[in-house]
Amino acid sequence: MTTPTITLNSGTTIPQLGLGVWQASNDETENAVRYALDDAGYRHIDTAAAYGNEEGVGRGIRASSVPREDIFLTTKLWNSDQGYERALAAFDASLQRLGTDYVDLYLIHWPLQDSERLLRTWDALEEIAASGRAKAIGVCNFEPHHLRLLLEAGKTVPAVDQVELHPHLPQPAIRSYADDHGIHVESWSPLGGTSNSGWGKDSKPNTLLDDPIIARIADRHSKTPAQVLVRWHLQNGLIVIPKSVHTERIAQNIDVFDFELDELDLSEIATLDDGTRVGAHPDDMNLGAPE
Ligand code: A2P
């Protein structure tokens with residue numbers, strides 16, 4: 001069964017489910033990407049300069065039998081490269097590492113507390129989009145006040161905002177603002193993240209994959225907890241990028257189109273909303289800001 005697509009405000013279509021590769025080495029990434037494309041049926045890969053595995057993504061794509069134009073490829077600009085000139089140079093370096101001449105989506109990885117520099121970064125992304133080398137541009141970890149800044153000062157509305165989002169942190173304020181402005185929300189750490197990702201003062205280890213409520217729902221559908229979580233994102237209209245480097249899990253996470261969560265399932269999952277994060281709050285961290 002093929003993954004549904006969503007049309008972004010740029011006119012580009014994005015498969016609603018993709019493969020995430022944070023914390024995977026280049027070799028792990030190459031194998032995961034090739035398997036995901038050739039064997040599991042993924043057509044959307046999400047990486048970032050800061051993950052250090054763009055080369056692995058490029059190698060995995062080239063090792064697969066899927067043509068580049070059939071793949072939706074996202075990468076992200078790290079904070080030390082914010083600013084107009086630096087962003088343009090960082091984008092070229094990403095393309096070089098990926099071994100491609102365009103990406104489907106280029107994202108600012110993290111907001112800066114320096115609004116002026118952030119806006120100059122967005123100027124660079126708008127220029128990159130105008131050149132056709134990024135089919136769409138967007139942001140990550142933007143709170144509504146960051147989005148408002150871009151909407152007021154920029155010419156382009158971001159196509160997506162990729163934020164930490166899962167049943168413990170369903171992000172209603174960001175989703176509502178995004179909906180009102182034609183921005184699609186992508187969920188990172190959709191399965192609750194890695195147990196050792198504890199960065200940021202509010203972060204907690206992943207408990208979702210072992211949660212008894214999720215396990216009970218999974219049993220009712222003869223599915224796994226990860227599949228229940230992926231379905232929850234899809235049914236909420238979110239773009240979802242579960243990460244795994246294990247072939248059986250990569251296959252499992254896309255095998256979610258033969259069941260549906262019902263009202264009871266969704267109401268039980270809604271009780272898990274307790275605001276816990278596995279990552280940092282965007283307003284608490286000026287991550288990697290240039291000197
Ligand atoms: P691994 O790569 O070792 O499979 P998220 O996407 O929320 O960041 O979470 C991904 C975490 O969950 C990773 O640690 C990943 O580890 C693990 N994971 C991914 N898919 C599954 C699955 N189907 N079942 C159990 N764990 C999974």
Side-chain angles (χ1 to χ4, degrees), residues 1-6 14-24 28-29 31-33 35-46 162-172 174-175 184-198 202-279:
M1 229 168 289
T2 52
T3 303
T5 56
I6 285 180
I14 183 170
Q16 204 184 345
L17 170 59
L19 178 74
V21 294
W22 185 44
Q23 292 181 320
E28 284 174 326
T29 300
N31 291 332
V33 167
Y35 177 84
L37 294 171
D38 268 349
D39 300 306
Y42 287 71
R43 292 293 179 270
H44 170 183
I45 310 292
D46 182 281
Q162 185 182 117
V163 296
E164 179 177 348
L165 202 158
H166 42 70
H168 284 318
L169 189 70
Q171 301 273 29
I174 291 175
R175 282 160 71 188
H184 282 279
V185 176
E186 291 191 69
S187 308
W188 64 255
S189 282
L191 308 180
T194 54
S195 291
N196 62 355
S197 67
D202 299 326
S203 80
K204 303 269 189 315
N206 182 346
T207 51
L208 274 178
L209 285 167
D210 300 321
D211 186 274
I213 291 176
I214 301 291
R216 191 166 67 225
I217 297 169
D219 281 349
R220 287 209 288 267
H221 292 280
S222 303
K223 287 287 183 178
T224 67
Q227 289 170 319
V228 167
L229 291 166
V230 172
R231 246 344 285 176
W232 179 85
H233 292 275
L234 295 174
Q235 289 183 219
N236 274 286
L238 299 159
I239 300 162
V240 57
I241 44 169
K243 175 262 176 182
S244 183
V245 293
H246 296 103
T247 52
E248 72 284 4
R249 291 177 174 176
I250 293 171
Q252 189 191 108
N253 294 346
I254 198 173
D255 179 19
V256 292
F257 297 108
D258 59 352
F259 80 112
E260 242 179 86
L261 301 175
D262 59 26
E263 287 305 319
L264 174 65
D265 302 328
L266 294 171
S267 64
E268 288 181 0
I269 295 173
T271 66
L272 296 174
D273 175 5
D274 60 6
T276 51
R277 294 176 181 270
V278 292

Residues that Arg175 engages under side chain to side chain donor-acceptor pair (under 3.5 Å), provided they are two or more places apart
Asn236
Ring pair (Phe, Tyr, Trp, His ring centres under 6.0 Å) against His44, all qualifying residues, sequence neighbours excluded:
Phe72
Approximate separation, where rounding is to 0.5 Å, of Ser187 OG and Ile239 CD1
8.5 Å
Which atom names give the shortest non-hydrogen contact between Leu37 and Ile45, and what distance separates them?
CD2-CD1, 4.2 Å
Side chain to side chain, Pro15 and Thr2, heavy atoms closer than 4.5 Å:
no
Indicate the atoms forming the closest heavy-atom contact of Ala226 with Leu191, along with that distance.
O-CD2, 3.8 Å
Side-chain donor-acceptor distances from residues 210-219 under 3.5 Å, at least two apart:
unit_1 : atom_1 : unit_2 : atom_2 : d
Asp211 : OD1    : Ile213 : N      : 2.7
Asp211 : OD1    : Ile214 : N      : 3.2

Can any side-chain N or O of Gln227 pair as donor or acceptor with the backbone N or O of Gln252 at less than 3.5 Å?
yes
Which value, rounded to the nearest 0.5 Å, describes the distance between Gln171 atom CD and Arg277 atom CZ?
5.5 Å
At what distance, to the nearest 0.5 angstrom, does CZ of Arg220 lie from CG of Asp265?
5.0 Å
Hey, are the side chains of Glu164 and Val278 touching, using non-hydrogen atoms and a 4.5 Å cut-off?
yes
Heavy atoms, side chains only, cut-off 4.5 Å: are Leu261 and Val228 in contact?
yes
Do Asn253 and Tyr42 come within less than 4.5 Å of each other through their side chains, counting heavy atoms only?
yes
Indicate the atoms forming the closest heavy-atom contact of Ala40 with Ile254, along with that distance.
O-CG2, 3.4 Å
Under 4.5 Å between any side-chain heavy atoms of Val185 and Leu165, yes or no?
yes
I need the full list of ring-ring contact (aromatic ring centres under 6.0 Å, His included) pairs touching residues 215-242, with sequence neighbours left out, sorted by first then second residue.
His221-Phe259
Main-chain N/O of Leu234 paired with Gln16 side-chain donor or acceptor, under 3.5 Å:
yes
State the OG1-CG distance between Thr271 and Leu266, to the nearest 0.5 angstrom.
11.5 Å
With no hydrogens and no angle check, just 3.5 Å: does a side-chain donor-acceptor pair link Glu186 and His184?
no
If I compare all heavy atoms of Ala32 with all of Val245, which pair ends up nearest, and what's the gap?
CB-CA, 4.2 Å
Salt bridge (charged side-chain N to carboxylate O under 4.0 Å, His left out) partners of residues 233-254, not counting sequence neighbours, each pair once:
none
Interatomic distance, CD1@Ile6 vs CD1@Ile14, rounded to 0.5 Å, equals 7.5 Å
Side chain to side chain, Leu229 and Pro167, heavy atoms closer than 4.5 Å:
yes
Does anything in residues 222-231 form a salt bridge (charged side-chain N to carboxylate O under 4.0 Å, His left out)? List the pairs, not counting sequence neighbours.
Lys223-Asp255, Lys223-Asp258
Could you pull out the closest heavy-atom pair between Thr276 and His166, with the gap in Å?
O-CE1, 3.4 Å
Does any non-hydrogen side-chain atom of Phe257 lie less than 4.5 Å from one of Thr3?
yes
Any heavy-atom pair between the side chains of Leu17 and Val256 that's under 4.5 Å?
yes
To the nearest 0.5 Å, tell me how far Leu169 CG sits from Asp273 CG.
7.5 Å
